Amino acid sequence: MENREVAAVFEEISNLMKILQDDPKWTFKAAAYDRAKRSIESYPERLEDIARDPNRKLTDIPGIGEDLAKKISELIETGQSRYHQEQLAKIPRSLLDLLQLQTVGPQKVRLFYKELNIRSVDELEAAARAGRLRNLPGMSVKSEENILKAIEVFRHAAGRFRLDTAFETAEELAAWLCEFKPVEQVTPAGSLRRGRETVGDLDLLVTGRDHPGTAEHFVKFPGVATILAKGEDKVSVKLKNDLQVDVRLLDRSAYGAALQYFTGSKEHNVALRDRAKRRGWKLSEYGLFHGDKVLARRTEEEIYAQLGLPWIPPELRENLGEIEAAEKGTLPKLVELRDIRGDLQMHTTASDGRASIEEMAEAAKQLGYQYILITDHSKAVTIANGLDEKRAVEHIRRIHAARQKVKGIEIWAGSEVDILGDGRLDYPDVLLKQFDIVLVSVHSRMTMLAEEMTARLLRALENPYVRILGHPTGRQILKRDPFAFDLEKVLDAAQRHGVILELNGSPERLDLCDRHVKLARDRGMKIIISTDAHAPEHFKLMRYGVTTARRGWMEKSGVLNTLPPQKLLASLRPLPR
DNA sequence: GCCGTTTTCGGCCCGACTGTTTTCAGTCG
């Protein structure tokens, strides 16, 4: 059992406790489960490995005591926790879905269940529409409206998965499939290959010598919940996390055609088929044909070439001008992961990170990075243990000291300074000037009116020490919409002041999004791509940031953290003298 | 349920915001 599966069980237990409130100490127990969940989720080693090692103890993991260690062992051995199942049996399972709704927490869920016997999102929606919620204590017409809005957001998100979930699941499945010897090649296609921020289902293309055997092997994958279809060329399953996976068993000779077809997008493929048709040909998942004659099908390159086009990177295949660009020979040469030379947003134990400055620096160095920018939170973000002025000064000193300990990488002192409600910054200029690079971002009051938010951002950008605007829209994928503001005006101001926009590569944000990256690119603006790492293993999330930049047509020259350190510093907004 | 120690129990992150209040409860991060 993977760490995140254990974490998911603990999270559910915590939620169940908050709803049930059976135990007099439920708040603290639930908090303990929450802590354990977070701890496990980001724990760098596999719990299974620790459990198996006689010299190690699960209780050495922070937040795990005797009891939770036992529950983890039970989960690893049996795949279940009796305690979890007992709690789960006390309420309808669909009640937990309500927690996904914004403005609805465990207390409200409890209230709706106890008072109105509401057991699911559907029932809650019906009750809200019938005006039955407004009479409950603490509820009104307004809160009823908010719940309907939240349900709309929820339905929109349902059935889609974050890019990292899809990516990691695909990796696990590919590894599983490759354990079956006759399998030769496994390639994820679909929106995952195109790098979309969310993925509806996984398409895996498999070549090999024994299709029926491969199908048999595949459905034995431990994560499979139900088998939806099992035919000669295609197997569909639903995984326990609800993700649907379609495995297509292919003939090697037509692999390129299938890869092209199943990568999509639909719009891109329609345009390509149209192009083939105008030449009197036919393009399908089986190849490019002139009558019965095969023109191309072995590789994607051959198919595109036959259609008079260079190969088009999957990230661009949305029929948003890439075919025209390919035709004219003006396709961008997209930025690549290996171009990245440093990471410019990360947190340490000083605020809410899990590793020290030195540990982060060492890990970055291992990746071949030439520089990092340490950006712990400022004091307004109390929950993240943001640094007040005194601690910030001390922290800068520690960062300078770290340079003596970890050589061979530039360690820059920065901060993720909060943009306060009125657009002022959380630190005074006299402190800001002591940082090498100041990054600013919004973490509070995200529901203000667009006009107010725009003014807030514009005011923040005016501060001469501000050089990077972090996660500019504040969105969280499948969770929270971008806050309302006038993007054009903010881009104008950033461009005027020389403030660089961050593409936050954390897969829960990807902010700027692909469309906004394109917008910035088309205006000739540069970006930086960061991971917002809270632990060394988060550096690998850079791949999602780069993918999103590629979807925004970004070239290496548009991404400043592809530059060597001195050139990067010279490209940022000049500091006041 | 964890943790630390004033060592086997008592305290547990906490401030901002929203929407409901008329002094507060619930949610969020």
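These numbers come from the heavy atoms of this one structure, side chains and all, not from hydrogens, waters or symmetry mates. Just so we're on the same page: letters track the sequence lines, and every chain starts at 1. As the structure is a computational prediction, the values presented were derived from the model and not from experiment.
Taking the P atom of each, B:dC13 and B:dC3 are spaced 12 Å apart, rounded to whole Å. Spacing of C1' atoms, B:dG4 relative to B:dT23, comes out at 36 Å, to the nearest Å. If you take atom P in B:dG1 and the same atom in B:dT6, they sit 26 Å apart, rounded to whole Å. Across the C1' atoms, B:dC17 and B:dC9 are found 36 Å apart, a figure rounded to whole Å. For the P atoms, the distance from B:dT21 to B:dA16 is 24 Å, rounded to whole Å.
The separation between A:R456 atom CZ and B:dC17 atom C1' is 12 Å, rounded to whole Å. Residue A:L136 contributes atom CG, which lies 16 Å from atom C1' of B:dT21 at whole-angstrom precision. Atoms CG (A:L420) and C1' (B:dG15) sit 13 Å apart, rounded to a whole Å. Here the P atom of nucleotide B:dT18 and the CG atom of A:L449 are 11 Å apart, to the nearest Å. Between the CD1 atom of A:I147 and the P atom of B:dG19 there is a distance of 12 Å, given to the nearest Å. Taking atom CG of A:D418 as the reference point, atom C1' of B:dA16 lies 11 Å away to the nearest angstrom. A:E144 has its CD atom 17 Å from the C1' atom of B:dT18, to the nearest Å. Regarding A:I72, its CD1 atom lies at a distance of 9 Å from the P atom of B:dC2, rounded to whole Å.
Taking the O4'-C1'-N9-C4 or O4'-C1'-N1-C2 dihedral as appropriate, B:dT8 has a value within 90° of 0 and is therefore syn.
Under the side chain to side chain contact (heavy atoms under 4.5 Å, CB included) criterion, A:R515 pairs with A:C513, not counting sequence neighbours. Qualifying side chain to side chain donor-acceptor pair (under 3.5 Å) partners for A:K90, counting only residues two or more places apart in sequence or in other chains: A:D22, A:Q87. Applying the ring pair (Phe, Tyr, Trp, His ring centres under 6.0 Å) test to A:Y33 and every residue at least two apart in sequence or in another chain returns A:F10. Every residue two or more places apart in sequence or in another chain that forms a side chain to side chain donor-acceptor pair (under 3.5 Å) with A:S356 is listed here: A:E359. A:D388 pairs by the side chain to side chain donor-acceptor pair (under 3.5 Å) definition with nothing, not counting sequence neighbours. Partners of A:H377 according to the ring pair (Phe, Tyr, Trp, His ring centres under 6.0 Å) rule, which considers only residues two or more places apart in sequence or in another chain, are A:H347, A:H443. Evaluation of the ring pair (Phe, Tyr, Trp, His ring centres under 6.0 Å) rule for A:Y465 yields no partner, not counting sequence neighbours. Remark: A:W412 pairs with A:Y371 by the ring pair (Phe, Tyr, Trp, His ring centres under 6.0 Å) rule, at least two apart or across chains.
A:K71 comes within 4.0 angstrom of sugar-phosphate atoms only, judged by non-hydrogen atoms across all strands, and of no base.
Partner of A:E197 under the side chain to side chain donor-acceptor pair (under 3.5 Å) criterion, chosen from A:R551, A:R509, A:R475, A:R162: A:R475.
DNA chain B lies under 4.0 Å from at least one heavy atom of each of the following residues of residues 8-30 of chain A: A:K25, A:F28, A:K29.
Other residues, nucleotides and ligands contribute at most 12 non-hydrogen atoms within 6.0 Å of the CD atom of A:E152.
Contact between the side-chain N/O atoms of A:N146 and the OP1/OP2 oxygens of B:dG19 is found at a separation under 4.0 Å.
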Notebook entry, point to check: Which nucleotides of nucleotides 23-29 of chain B have their base under 4.0 Å from a protein heavy atom (B), which only their sugar-phosphate (S), and which neither (-), written as one string 5' to 3'?
Noted result: ---SSSB
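Pairs engaging residues 68-80 of chain A under the salt bridge (charged side-chain N to carboxylate O under 4.0 Å, His left out) rule: A:D67-A:K71, A:E74-A:R82 [sequence neighbours left out].
Salt bridge status for A:D23 with A:K25: absent, with no side-chain N to carboxylate O gap under 4.0 Å.
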Distances under 3.5 Å between nitrogen or oxygen atoms of protein and nucleotides 3-9 of chain B:
unit_1 : atom_1 : unit_2 : atom_2 : d
B:dC3  : OP1    : A:G63  : N      : 2.7

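A:E502 has its side chain out of reach of A:L469: every pair of non-hydrogen atoms, C-beta onward, lies at least 4.5 Å apart.
Comparing A:M448 and A:A384 along DNA chain B, the residue whose closest nucleotide (by nearest heavy atom) sits nearer the 5' end is A:A384.
The nucleotide B:dG10 finds its pairing partner in B:dC3, both defining distances of the Watson-Crick or G-U wobble pair being shorter than 3.5 Å.
Distances from the side chain of A:R38 to the nucleotides B:dC13, B:dA16, B:dG1 place B:dC13 closest.
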